[in-house]
Amino acid sequence: MEKYGVAIIGAGIVGASLFSELARKGVKVVMLEKSADVSDGSTKANSGIVHAGYDPIPGTLKAKFNIRGSQIYPSMCQRLGVGICQCGTLVVANESGREALEQLLHRGIENGVSGLRIIEREELHEMEPNLADNIDIALFAPTGAVISPYLVCIALAEEGVVNGGVAKLNFEVNRIEKVNDSYILGNGTEQVEADFVINCAGVNANTINAMVGAPTFDTHYVKGEYLLLDKSQNGFVNRPIFPLPTKAGKGILATPTLHGNIMLGPTAIPCEPNDTTVDAEGIAIIKEKIKLSVKEPNYKKVIKLFAGVRVVSGDDFVIDKLPNSHFYYTVGICSPGLTAAPAIAEYLCEKLVADGMEVSVHKFVPRTPYVTTNDLSKKQLKELIKKDASFGKIVCRCEKITEGEVVEALNSPLHPTTVDGIKRRMRPTMGRCQGGFCLPKLIKIMSRELDVPEEEITLHGNKSEILAKDKD
Ligand SMILES: Cc1cc2nc3c(=O)[nH]c(=O)nc-3n(C[C@H](O)[C@H](O)[C@H](O)COP(=O)(O)OP(=O)(O)OC[C@H]3O[C@@H](n4cnc5c(N)ncnc54)[C@H](O)[C@@H]3O)c2cc1C
């Protein structure tokens with residue numbers, strides 16, 4: 001049985017941030033993820049916004065880690081070689097919302113957010129021509145940004161791996177045993193041993209805590225549904241546009257995605273932990289509420305409906321350890337958890353060092369960003385095709401993704417084996433046709449490269465085969 005300094009349970013943005021943080025410090029770390037790929041929980045389906053930090057109540061963990069996280073993101077994305085669009089964010093209102101906006105401004109200043117200002121009607125409508133006519137003012141937060149949440153998570157996990165960390169996918173921790181000074185974590189067929197265990201299991205955090213007798217918390221689950229519009233709608237809004245927040249959350253927003261789509265949502269519907277369905281009621285809520293902020297979007301251009309689930313525990317994050325142990329837990333990491341994750345990782349790492357975690361001298365190995373042909377000049381692309389003709393063979397027409405890029409994704413440090421894994425790295429099937437044209441080609445390439453029959457290629461792992469097996 002392999003022995004590690006630290007075992008992280010869960011490879012969402014919190015687990016992956018910590019994994020990278022520890023591996024870069026030379027810690028012998030393993031990250032255990034139940035799914036076939038990282039970023040398969042809340043991290044894959046959210047608004048993708050690095051929040052500036054005007055929203056959380058001052059003094060809370062949410063406020064502290066939101067602010068620090070938003071400071072870390074720009075340099076972290078540069079280090080990882082992934083995109084970030086520092087477009088700022090707007091909370092919009094009509095004149096009757098001025099007092100509430102000013103309160104938000106003061107809360108932001110108290111939290112330490114820089115550059116916040118109230119923008120008046122003329123300037124505002126010049127910045128965002130598609131705002132609803134009755135919008136008069138906005139709070140502009142220039143430090144707000146847009147990222148691709150799953151790409152950041154994947155890049156952090158890859159960075160952890162290239163710096164010596166071990167990521168075990170399809171490893172669902174279902175048993176933790178304390179033996180002398182260490183923990184044995186098992187999935188029924190395999191075990192690993194670690195001095196420290198960090199629970200980053202998102203909606204399953206209580207189940208993991210219960211395995212070691214750590215406290216469990218009152219939690220509830222809230223579904224957020226979205227409509228995604230085709231890239232032809234790029235420019236409908238230039239930055240995330242929020243309505244005034246309410247007790248139910250930040251409200252239904254319109255936002256550009258990092259890759260040039262427009263996203264509308266999310267709803268906030270109480271749900272079961274893994275309910276990511278989208279229904280007519282949710283769509284109707286989005287269509288009704290979005291009118292508060294922007295003009296009517298072109299709903300004929302909707303290409304995808306999807307949902308993510310937030311786990312909520314009281315009003316704040318819970319980040320703590322079981323007394324007299326080396327077991328740490330993160331519970332209720334709802335919004336702004338994506339923003340806060342790198343700061344939570346930094347904090348946990350400091351706690352672990354103070355608690356005796358072994359750190360060794362380590363020379364940082366940078367992650368190699370993917371070659372994406374869309375980012376190359378014609379000359380660069382020609383040269384690449386000369387070296388490797390597969391970069392000249394288009395697989396996904398909507399997103400212009402080549403066979404070379406698919407193969408590159410398959411050979412990337414986490415060795416994804418699912419269609420969703422390739423999709424989240426390189427974007428085939430993410431475009432207007434949603435895989436109608438490219439999925440068969442993708443399956444063929446994956447089957448050839450992974451040396452498995454086409455019928456065994458899955459969408460997202462276990463029991464999600466795409467093709468029917470021949471009955472013979
Ligand atoms: C609709 C919506 C919109 C949001 N928008 C934003 C936003 O714009 N900005 C922002 O900052 N935040 C946002 N958030 C919050 C953010 O998405 C979450 O806070 C964040 O993704 C939580 O990350 P996590 O790593 O804690 O959990 P997860 O991403 O859920 O990761 C937990 C992982 O643990 C794994 N796991 C579970 N049980 C086990 C087990 N037994 N063994 C092994 N692995 C296990 C899961 O498979 C999963 O991969 C939003 C959330 C939602 C739902």
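Atoms within each ligand, like the ligands themselves, are counted from 1 in listed order.
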What protein heavy atom sits nearest [atom], and how far off is it?
atom: atom 26 (O) of ligand 1; answer: Val14 CG2, 3.4 Å
atom: atom 17 (O) of ligand 1; answer: Asn46 ND2, 3.0 Å
atom: atom 48 (C) of ligand 1; answer: Glu33 OE1, 3.5 Å
atom: atom 19 (O) of ligand 1; answer: Ile333 O, 2.6 Å
atom: atom 34 (O) of ligand 1; answer: Gly10 CA, 3.2 Å
atom: atom 21 (O) of ligand 1; answer: Thr43 OG1, 3.0 Å
atom: atom 53 (C) of ligand 1; answer: Arg310 CG, 3.1 Å
atom: atom 16 (C) of ligand 1; answer: Leu338 N, 3.7 Å

(message) Are there over 12 heavy-atom neighbours, none belonging to Glu272, within less than 6.0 Å of that residue's CD?
(response) no

(message) Tell me whether Glu358 at atom CD has more than 12 heavy atoms from other residues, nucleotides or ligands lying less than 6.0 Å away.
(response) no

Show which atoms of ligand 1 fall inside a sub-4.0 Å distance from at least one heavy-atom site of [X].
X: Ser35; value: 47 (O)
X: Gly48; value: 8 (O)
X: Glu172; value: 41 (N), 42 (N)
X: Pro336; value: 10 (C), 11 (O), 12 (N)
X: Leu32; value: 43 (C), 44 (N)
X: Gly308; value: 53 (C)
X: Gly224; value: 1 (C)

(request) Consider ligand 1: state whether an atom of it lies below 4.0 angstrom from any non-hydrogen atom of Val309. (result) yes

Any heavy-atom pair between the side chains of [Y] and [X] that's under 4.5 Å?
X: Ile241; Y: Phe236; result: no
X: Val192; Y: Val166; result: no
X: Thr330; Y: Leu348; result: yes

Between [X] and ligand 1, which part of the residue brings a heavy atom under 4.0 Å of the ligand: side chain, backbone, both or neither?
X: Cys200; answer: backbone
X: Asn204; answer: side chain
X: Ile208; answer: side chain
X: Cys334; answer: backbone
X: Lys44; answer: neither

(message) Could you report the tightest heavy-atom contact between Val146 and Pro256, atom names first, then the distance?
(response) CG1-O, 3.6 Å

(message) Going by the closest heavy atom to atom 3 (C) of ligand 1, which one wins out of Tyr226, Phe317, Tyr221?
(response) Tyr226

(request) Give a yes/no verdict on a cation-pi contact between Lys351 and Tyr328, requiring under 6.0 Å between NZ or CZ and the six-membered ring centre and an angle within 45° of the axis. (result) no

(message) Please report the interatomic distance OG1(Thr372) to CE(Met426), rounded to the nearest 0.5 Å.
(response) 7.0 Å

(request) To the nearest 0.5 angstrom, please state how far the CD1 atom of Ile319 sits from the CD1 atom of Ile198. (result) 11.5 Å

One thing to verify: whether [Y] and [X] come together as a salt bridge, which I'm taking to mean a side-chain N less than 4.0 angstrom from a carboxylate O.
X: Lys44; Y: Asp420; result: no
X: Lys28; Y: Glu2; result: yes
X: Arg425; Y: Asp37; result: yes

(request) Test Phe327 against Asn199 for side-chain contact (heavy atoms from CB on, under 4.5 Å), laying out the working first. (result) CA-CA 8 Å; Phe327 179 87; Asn199 173 3; 3.9 Å; yes

